[in-house]
Amino acid sequence: MRITDVEVICLRVPAADQECEWGEDAVIVRVHTDTGLIGVGEADSSPAVIKACIETPQSNLYCHGLRALLIGENPLEIERLWNKMYWASNYVGRRGAGIHAISAIDIALWDIAGQFYQVPLHTLLGGQYRDRIKAYGTFIPDADPEANGAIAADLVAQGFTSIKFGGGVFGDDPDTDVRIVKAVREAVGEHIEVQIDLASKWRTSGHAGYMAERLAPYNLNWIEEPVLADDLAGYNKLAGRLKAKLAGGESLTTRYEFKHFLEHSGVDIVQPDITRCGGITEMKKIYDLAQLHGVQLVPHGFSTGILLAASVHFLAACEHGTLMEYSQSQSPLFTDLVANRLPFENGHVPVPMSPGLGIELNEDIIGRYRV
């Protein structure tokens, strides 16, 4: 079996000149083979940049487009191909978008392998520890602080016992932040876990510590990305100050960045995104690092049903993979791109048993939003 093509598909719901929110654009890849098997993956990143990383022509020995590196290769040799892509895209792919592109392809290769061997992906990853994963619901807050109470209450009514919110106006104004958190906590009661995601908007450890103290009465489970992931000194200061757990890492890539982050940040929870960190191949190494440092790994996941499926398979094969994120985006790229998107049921997401990722793409959605 040989790879014949790496197809890059860019999707966007708003027009190009309109503002795009998380979940409203996506880039997916389909790796084609000469046997007819097709693997699917995605990168939660800038679609146009990922397309360039995959399709760009070779410039020198360290500047290869990923597609050209893979044509004619055996898709089952996943780790060898990961290393080949990593080495030959050295000038564009050591961190950031270059690794995001490798992530998408890596997920697709694992999908092919599962289909080839006729087993679900979690079997290839070492075995299934559980048949469902506890999920927390994540939403982008409404600009009206008090309106978020109703949003949170609705999630609890659906069966979520853990919720998170971030993005939008959250993090822009201290008083608004307090009003949003207060509204959510009062709406859901004390027995529901509440997490917040600042997307690094609190900027400095001093301000983050001040805000954490203001929010302490609302019993937050964790505070996510209060400062940028490369502000290790800021993370470390906060680690000894916060009542809530400290979480971060969704913007990091490869075992190398995560090793440094785990050694110096003091986080309680690390959050690699399987579509950014280097794919399934690299996620396995990051999970092992987290275990060595006594840190819980809870993957970031706020994109399409492809990311959702990959995360579920991965966690099912992890001894301590017990919690995942479940997007509340109403974007059709989350709700409809994957025709058989994994559902949320009674507080959990079921682990699929079909070969590979076990997903089917909706070609109508691809045709409608392809750019």
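Keep in mind the model is a prediction, meaning the values are calculated, not measured.
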Exercise. List, by chain and then residue number, the residues other than Ile140 in its hydrophobic cluster (Ile/Leu/Val/Met/Phe/Trp/Tyr, side-chain heavy atoms under 4.5 Å); write none if there are no others.
Key: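 Besides Ile140, the hydrophobic cluster comprises Trp22, Phe302, listed by chain and residue number.
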
Quiz item: Going through the distances and angles, do Ile102 and Glu282 end up as a side-chain contact (heavy atoms from CB on, under 4.5 Å)?
Solution: CA-CA 10 Å; Ile102 290 174; Glu282 200 70 354; over 6 Å; no

Once you round to the nearest 0.5 Å, how far does [atom1] of [X] lie from [atom2] of [Y]?
X: Glu73; Y: Met85; atom1: CD; atom2: CE; result: 10.0 Å
X: Asn74; Y: Met1; atom1: CG; atom2: CE; result: 6.0 Å
X: Ser251; Y: Leu228; atom1: OG; atom2: CG; result: 7.5 Å
X: Leu323; Y: Leu315; atom1: CG; atom2: CG; result: 8.5 Å
X: Asp231; Y: Asn236; atom1: CG; atom2: CG; result: 10.0 Å
X: Leu121; Y: Gln115; atom1: CG; atom2: CD; result: 10.0 Å

Quiz prompt | Pair Trp110 and Phe314, ring centroids less than 6.0 Å apart | solution = no

Self-check item: Tyr287 ring center within less than 6.0 Å of Phe258 ring center
Solution: no

Determine whether [X] and [Y] fall in the same hydrophobic cluster, where Ile, Leu, Val, Met, Phe, Trp and Tyr are linked whenever their side-chain heavy atoms lie under 4.5 Å apart.
X: Val119; Y: Ile38; result: no
X: Leu69; Y: Tyr62; result: no
X: Ile269; Y: Leu252; result: no
X: Ile133; Y: Val298; result: no

Quiz item: Is NZ or CZ of Arg12 both nearer than 6.0 Å to the six-membered ring centre of Tyr369 and within 45° of the ring axis?
Solution: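 No - Arg12 does not lie over the ring of Tyr369 by the 6.0 Å and 45° rule.
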
Self-check item: Geometric cation-pi criterion Arg255 and Trp82, 6.0 Å radius, 45° cone
Solution: yes

Quiz item: So, Arg179 side chain and Pro145 main chain: donor-acceptor pair closer than 3.5 Å or not?
Solution: no

Quiz prompt | Side chain Asn340, main chain Glu360, donor-acceptor under 3.5 Å | solution =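 Looks like yes, one N/O pair under 3.5 Å.
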
May I ask you to check whether over 12 heavy atoms, not counting those of [X], lie within 6.0 Å of atom [atom1]?
X: Asn60; atom1: CG; answer: yes
X: Lys285; atom1: NZ; answer: yes
X: Arg241; atom1: CZ; answer: yes
X: Lys84; atom1: NZ; answer: yes

For a quick test of reading the model, state the closest non-hydrogen atom pair linking [X] to [Y] and the distance between them.
X: Pro272; Y: Leu297; result: CG-CD1, 3.7 Å
X: Gly278; Y: Ser103; result: N-OG, 2.8 Å
X: Ala152; Y: Val188; result: CB-CG1, 3.6 Å
X: Ser200; Y: Val227; result: CB-C, 3.5 Å
X: Leu337; Y: Leu333; result: CB-O, 3.2 Å
X: Leu81; Y: Pro75; result: CD1-CA, 4.2 Å

Under a 4.5 Å cut-off applied to non-hydrogen side-chain atoms, are [X] and [Y] in contact?
X: Val27; Y: Val49; result: no
X: Ile9; Y: Leu361; result: no
X: Glu19; Y: Pro14; result: no
X: Thr254; Y: Tyr86; result: yes

Just say parallel, tilted or perpendicular for the rings of [X] and [Y], cut-offs at 30° and 60°.
X: Tyr136; Y: Trp222; answer: perpendicular
X: Phe139; Y: Phe165; answer: tilted
X: His207; Y: Tyr210; answer: tilted

Quiz item: Any luck finding a side-chain donor-acceptor pair between Glu79 and Asn83 under 3.5 Å?
Solution: no

Quiz item: Looking at Asp336 and Arg341, does any basic side-chain N land under 4.0 Å from a carboxylate oxygen?
Solution: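 Salt bridge absent between Asp336 and Arg341.
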
Quiz prompt | N-O pairing of Glu225 and Lys164 below 4.0 Å | solution =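 Looking at Glu225 and Lys164, the cut-off is not met.
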
Quiz prompt | Check against salt bridge (charged side-chain N to carboxylate O under 4.0 Å, His left out), Glu257 and Arg276 | solution = CA-CA 12 Å; Glu257 277 196 305; Arg276 295 182 194 146; over 6 Å; no

Practice problem: List the steps, then state whether salt bridge (charged side-chain N to carboxylate O under 4.0 Å, His left out) holds for Asp175 with Lys182. | Solution: CA-CA 11 Å; Asp175 292 338; Lys182 181 176 185 290; over 6 Å; no

Quiz item: Do Leu124 and His313 pass the side-chain contact (heavy atoms from CB on, under 4.5 Å) test, and can you show the C-alpha distance, the side-chain angles, and the key distance before you say yes or no?
Solution: CA-CA 10 Å; Leu124 294 182; His313 278 283; over 6 Å; no

Quiz item: Yes or no on side-chain contact (heavy atoms from CB on, under 4.5 Å) for Met211 and Leu198, after CA distance, side-chain angles and deciding distance?
Solution: CA-CA 11 Å; Met211 287 302 302; Leu198 278 306; over 6 Å; no

Self-check item: Name of the residue among Gln195, Glu325, Glu224 meeting side chain to side chain donor-acceptor pair (under 3.5 Å) with Thr138
Solution: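 Checked Gln195, Glu325, Glu224 against Thr138; only one passes side chain to side chain donor-acceptor pair (under 3.5 Å): Glu325.
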
Self-check item: side-chain contact (heavy atoms from CB on, under 4.5 Å) between Gln158 and Gln328, intermediate numbers included
Solution: CA-CA 12 Å; Gln158 293 177 43; Gln328 297 302 298; 4.1 Å; yes

